[in-house]
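Notes follow once the structure below has been shown.
Computation of the quantities below employed the complete heavy-atom set of this structure, encompassing side-chain atoms and omitting hydrogens, waters and symmetry-equivalent molecules. Below, chains carry the letters A, B, ... as their sequence lines are ordered, and counting in each starts from 1.
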Amino acid sequence: MVLSVRDLAVTRGGLAILEGVSFDLSPGEALVLRGPNGVGKTTLLRSVAGLQPPETGTVTGAEDQIAYAAHSDGLKAMLSVTENLKFWASVFGLSDIEPALVAFDLTDLRNRMAGTLSAGQKRRLGLARLMVTGRPIWILDEPTVSLDVTSVALFADAVRMHLKGGGSALMATHIDLGLTEARVLDLTPFKAAPRTRQMDEAFL
Amino acid sequence: MSLWEYANPVKFIRTTDKVLPWVWALTGICLVTGLVWGFFFTPDDFRQGSTVKIIYIHVPSALMAINAWLMMLVASLIWIVRRHHVSALAARAAAPVGAVMTLIALATGAFWGQPMWGTWWAWDPRLTSFLILFLFYLGYMALWEAIENDDTAADLTSILCLVGSVFAILSRYAVNFWNQGLHQGATLSLDKEENISDVFWFPLLFCIAGFVLLFVALVFLRTQTEIRARRTRALLAREGQA
Amino acid sequence: MPELGKYAFAVLSSYGVTIVLLSVIVLVSFRRARKVRANLEEIENRARD
Amino acid sequence: MKALLTRDLMLAIRAGGGFGLGLSFFLIVTVLVPFGVGPQTELLSRIAPGVLWIGALLACLLSLDRIFALDWEDGSLDLLATAPLPMEGIVSVKALAHWITTGLPLVLAAPVLGVLLSLPIPAYQWVVISLAVGTPALSVIGTFGAALTVGIKRGGLLMSLLVLPLYVPTLIFGAEVARRGAEGLTVQAPLLLLAGISFGVIALLPFASAAVLRINLR
């Protein structure tokens, strides 16, 4: 399933920050969105994931295909690793969490409470959550923040495995991801010219 | 030119500017004639004595308290369906006026009932439902203030208005069920004989017209203010962004 | 002044309350209108020059 | 959806606050009433049904902001929104989880606390029945209030201001059932009306709550 984004404009707090963004993401491909902090990477990802309606432009091929992982990876500290994964698996209608545990080397942390994990382990659990959803398109917001070098390598391997399996990944980051073969799209040229907020047009 | 033309804020301000002085003048005339006529030139009621004079403020204010909420309901629906900013801001502008009208209805109801019931507040079903309506007004206004983003605030308050209206009606009947009721029969009802006699009737009409016009004038004025405040925020946002 | 009899207090105070409340809402509305209008004009002038 | 329910229940148990919060508040309120009103049993027994209902209602109100706040902070609400679950389903499950963790314990605790207030004997069953029928409505209405104020910092007070007027019909009919039960009168009318409100609210309000949540997630 090809995810294609045509002439997307997104707003934050009503202010237009990105416009005219277009790209395609075909299976087996990874795309990294680069750009300085605040350029609108997160907002763009949220619009593509359908959490936030874009101001203009279309996102096609995203229906029920997307697994979204934000900064805060939505893990419950009071639940164990398996319970967290089992929950997200059943929410997406699946139940097999073993491959994810293996892929992210979490097998020995199986029964540890998510709250007691280190930042790197938590991030790996967050990514394992993505795998468990069985959704082909991964949307990752700053996936390698607070990860040490080995974890970044582990992350890169997991993404490559996902790509080999026919999945695709859309990532936003301003630090190295360890994914040399990924295509890079710099968002700075798409910065929206300052113009009135859509909701304010009627008043100006 | 369809009615939706007035949804454009700038045009709304221009047309209301032309109309407002007349509305204020009419309000003044109706209120003064109605109240003076009712207060000075109507006889006392044989049963209730002079307290019947309170009718000239209690009935119009009670009427406006309910109609203000209905107007807000319609404005909220228009906002949800057609996304016209003016209707959302008009609803926001009308809320305080409706709340004041409810307060007046409550106070005059209590004053009027005091000699009859012997107490200031007798939890009479109709007065109690006005008390509940007042709480709805407070909640509605508080929600507007609590949210920064204008559009989200308009959306959330409209939904609150819809849900609140259903519960206000529910409360209206629940309160009736809960207390057998001391309120006198309907002052204005279609069947003639139950109605009050003519001598009280005409001044009351003027008072009602006066209160309605006062409401309209206040809502126009306050909506203009909301539009201007919104325009200020928009300009500041554009300045901030440039 | 009509003879209000023993209910004078009730009638007068209800009229009093009404007049007070109405004038409060009217005055508040006018004052706010003037303040917002002035603030807007000030910003519009600044934006123009 | 079942997974969401089991997860919320597990969280409520593990976090410990879930069950205890509503119950302890209900106990405290019921204990305070005699201090305020005086120990005369015939007075207490007259107001007991109403006090139990108001106590249960306030206990429900207190634990409402926890419904969405936890998921809102750690981002799982966003993730849930991208999941295949319908938002109305998520909201209903959240309301059900709140009812199980807070509403149900109140229903079970009410007779015990009735003893403290020397509740008349015939009233016990009616207090339990009215609470059992009424508390689901309190949870669903409460979820609507929680959804409205989820994005607002320190929205707890505002939520109470918004939710309490919505509680009035349920409170009136619920307390009426309990009061009539105490005096041995027929309770059929208020009970049916109470049930009517509860079912109506359970059926319709989740749509409004879902719409509100979508707006807040924007």
Would you give the length of the straight line joining atom [atom1] of [X] to atom [atom2] of [Y], rounded to the nearest 0.5 angstrom?
X: A/L79; Y: D/L11; atom1: CG; atom2: CG; answer: 4.5 Å
X: A/F87; Y: D/L80; atom1: CZ; atom2: CG; answer: 5.0 Å
X: A/S90; Y: D/R7; atom1: OG; atom2: CZ; answer: 10.0 Å
X: D/L70; Y: A/M78; atom1: CG; atom2: CE; answer: 11.0 Å
X: A/K76; Y: D/D8; atom1: NZ; atom2: CG; answer: 7.5 Å

Next on the checklist: Please determine whether the number of non-hydrogen atoms from other residues, nucleotides or ligands lying under 6.0 Å from atom CZ of A/F23 exceeds 12.
Outcome noted: yes

Next on the checklist: A quick test of your reading: do over 12 heavy atoms of other residues, nucleotides or ligands sit less than 6.0 Å from CG of D/L157?
Outcome noted: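 Counting neighbours around CG of D/L157, 12 or fewer heavy atoms of other residues, nucleotides or ligands fall under 6.0 Å, so no.
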
Checklist entry - Do the non-hydrogen side-chain atoms of D/S76 and A/W88 ever get within less than 4.5 Å of each other? => result yes

Next on the checklist: Do A/R129 and D/L79 have side chains that approach each other closer than 4.5 Å (heavy atoms only, starting at C-beta)?
Outcome noted: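 Yes, their side chains come closer than 4.5 Å.
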
Next on the checklist: Under 4.5 Å from any heavy atom of chain A, what part of D/L4 do you find: side chain, backbone, both or neither?
Outcome noted: both

Next on the checklist: Does any backbone or side-chain atom of D/L77 lie under 4.5 Å from a heavy atom of chain A? Answer side chain, backbone, both or neither.
Outcome noted: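 Neither part, no heavy atoms under 4.5 Å.
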
Checklist entry - Who among D/D78, D/T6, D/D71 has the most heavy-atom pairs with chain A under 4.5 Å? => result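 Top option by heavy-atom pairs under 4.5 Å: D/D78.
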
